[in-house]
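Shown next, in structure tokens, is the structure this report addresses.
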Amino acid sequence: MCHNRAAGPSRRAFARFLAAGSGLAAATACSPGAPPLPAAATPAPVASTAAAAAAPTATEAATTPPPGPAATDEAATPAPATGVPASAPPGKQHSLVDPASPWVIVNKRRPLIPAAFEPADLVQPRIRLASAGAAALLNSTTAAAAEEMFAAAAADGITMTLASGYRSYATQTATYANYVNTRGQVEADTASARPGYSEHQTGWSFDIGDGSGACGFMPCFAKQPSAAWAAASGHRFGFVVRYPWMFHGTTGYYYEPWHLRFIGVEAATDMKNRGVDTLEEYFGLDAAPAYP
């Protein structure tokens with residue numbers, strides 16, 4: 001999902017593109033050419049911690065039980081729930097509800113609790129930025145992992161940029177309202193997360209760009225070097241592509257090859273090795289194609 005958008009085709013054009021079967025689907029939560037976003041207040045960064053959280057670990061018509069950890073779907077209650085896959089080291093469990101947890105699941109059926117959560121440890125990572133202000137911030141764990149990943153990519157000749165990071169509840173409220181005012185709520189819900197439902201608010205996710213600047217927040221980004229590298233190697237640093245190709249019926253969003261989510265090296269590697277595509281399947285949670 002994005003914060004400030006590069007110019008490009010509208011979401012309606014993307015929908016026609018997808019219906020025609022001639023390429024990649026439009027990104028539901030990131031609409032190029034969307035109404036301009038209001039300026040966001042920049043939280044004051046605090047000292048970064050070097051420790052990255054090590055955490056253990058869909059097809060839309062799965063015929064076997066989820067391979068990930070057994071977890072109770074506690075979306076309707078604020079009580080934290082954890083789950084651990086059989087391969088995980090003992091004791092490394094994380095809440096699926098607490099927004100300060102690397103395993104928190106945020107989707108159209110699972111809002112943030114509390115809705116106005118703000119990370120206590122926002123920092124600006126020492127990586128190449130294509131954003132400014134609050135959008136250049138991540139929580140300290142994600143920032144440290146991103147620094148390692150960007151350095152490894154650079155060693156392989158790949159230049160990544162941080163295109164959009166943290167987004168506050170207030171910014172998301174203004175963004176969503178702008179969509180509703182200009183496009184109506186039905187279309188707004190296909191183009192922007194409602195306030196309190198955005199993964200960007202947690203500090204655990206961010207959007208990447210390619211060093212060339214090509215195809216920013218557009219379907220063709222999937223073919224850019226940085227996108228291909230992140231999809232193949234991001235798990236080594238704890239990242240997964242949160243909204244994979246053809247799993248919008250599970251995640252609620254169309255393919256976003258630029259949107260990375262930190263869940264920890266062990267969990268991300270386990271997902272990669274098992275061939276699990278979405279966090280919903282990995283943690284044994286219901287699909288979230290739309291708001292209730």
Side-chain angles (χ1 to χ4, degrees), residues 1-3 29 40-46 48-49 51-57 68-69 71-84 92-125 134-146 164-176 192-207 238-240 242-243 251-253 256 259-264 267-268 278-280 282-286 288 291-292:
M1 284 183 263
C2 326
H3 182 71
T42 305
V46 300
S48 175
T49 59
T57 101
T72 301
D73 184 359
E74 69 305 303
T77 118
T82 60
V84 182
K92 292 189 176 179
Q93 303 181 32
H94 299 280
S95 170
L96 304 183
V97 172
D98 182 359
S101 162
W103 285 3
V104 64
I105 306 300
V106 185
N107 59 32
K108 291 181 177 179
R109 301 290 177 88
R110 302 173 68 88
L112 285 166
I113 304 171
F117 170 79
E118 180 178 337
D121 59 342
L122 290 169
V123 299
Q124 182 172 298
L137 304 178
L138 303 171
N139 70 36
S140 59
T141 299
T142 305
S164 181
Y166 172 69
R167 190 182 308 145
S168 71
Y169 180 88
T171 297
Q172 193 65 35
T173 298
T175 301
Y176 181 77
S192 177
R194 293 179 183 178
Y197 289 82
S198 173
E199 207 177 57
H200 280 271
Q201 190 179 327
T202 67
W204 294 113
S205 68
F206 59 91
D207 300 323
F239 294 100
V240 297
R242 178 65 175 98
Y243 306 117
T251 67
Y253 296 101
E256 295 188 4
H259 184 101
L260 304 185
R261 164 64 193 275
F262 182 85
I263 58 171
T278 70
L279 296 186
E280 284 78 11
Y282 187 61
F283 288 108
L285 302 176
D286 291 340
Y291 296 102

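Note that the numbering runs from 1 along the sequence shown for the chain. Bear in mind that the values here come from a model prediction, so they are computed numbers and not experimental data.
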Q. If you look at every heavy atom in Ser140 and Val123, which pair is closest and at what distance?
A. CA-CG2, 3.9 Å
Q. Closest approach of Pro125 and Ala136, non-hydrogen atoms and distance?
A. CD-O, 3.3 Å
(Q) Would you say that Val240 contacts Ile263 through its side chain, given a criterion of any heavy-atom pair below 4.5 Å between the two side chains? (A) yes
Q. Are any of the side-chain heavy atoms of Gln201 and Pro99 separated by less than 4.5 Å?
A. no
Q: Kindly compute the distance separating CG (Leu285) from CG (Asn107), expressed to the nearest 0.5 Å.
A: 7.5 Å
Q. Do the non-hydrogen side-chain atoms of Arg110 and Tyr197 ever get within less than 4.5 Å of each other?
A. no
**Q.** pair Pro292-Arg109: side-chain heavy atoms closer than 4.5 Å
**A.** yes
**Q.** Closest non-hydrogen atom pair, Ser101 against His94
**A.** OG-CB, 3.3 Å
Q) With no hydrogens and no angle check, is any side-chain donor or acceptor of Glu118 less than 3.5 Å from a backbone partner on Ser168? A) no
Q) Does Leu138 offer a backbone N or O that forms a donor-acceptor pair with the side chain of Thr142 under 3.5 Å? A) no
Q. Within a strict 4.5 Å, meaning less than it, do heavy atoms of the Tyr169 and Phe117 side chains meet?
A. no
Q: Tell me, please, whether Tyr291 has Arg194 positioned over its six-membered ring: NZ or CZ under 6.0 Å from the ring centre and within 45 degrees of its axis?
A: yes
Q. With a 4.5 Å heavy-atom cut-off, do Tyr253 and His259 have their side chains touching?
A. no
Q) What pair of heavy atoms forms the shortest contact from Trp103 to Ala267, and how long is it? A) NE1-CB, 4.0 Å
Q: Could you tell me which residues satisfy salt bridge (Lys or Arg N to Asp or Glu O under 4.0 Å) with Arg242, sequence neighbours excluded, listed by chain and number?
A: Glu199, Glu280
Q: For the pair Lys108 (side chain) and Ala288 (backbone), establish whether a donor and an acceptor sit closer than 3.5 Å, ignoring hydrogens and angles.
A: no
Q | Ring centroid separation Phe239 to Phe206 under 6.0 Å | A | yes
**Q.** Gap between atom CG of Asn139 and atom CG of Asp121 - 0.5 Å precision
**A.** 5.0 Å
**Q.** His200 side-chain N/O to Tyr166 backbone N/O, donor-acceptor pair under 3.5 Å
**A.** no
Q. Are the side chain of Arg261 and the backbone of Pro102 linked by a donor-acceptor contact shorter than 3.5 Å?
A. yes
Q. What class does the angle between the rings of Trp204 and Phe262 fall in, given that below 30° is parallel, 30 to 60° is tilted and above 60° is perpendicular?
A. parallel
Q: Taking side chain to side chain contact (heavy atoms under 4.5 Å, CB included) as the test, write out the residues that go with Val106, two or more places apart.
A: Val104, Leu112, Thr202
Q: Taking all non-hydrogen atoms of both residues into account, name the closest pair between Ala268 and Gly238 and its distance.
A: CB-C, 3.7 Å
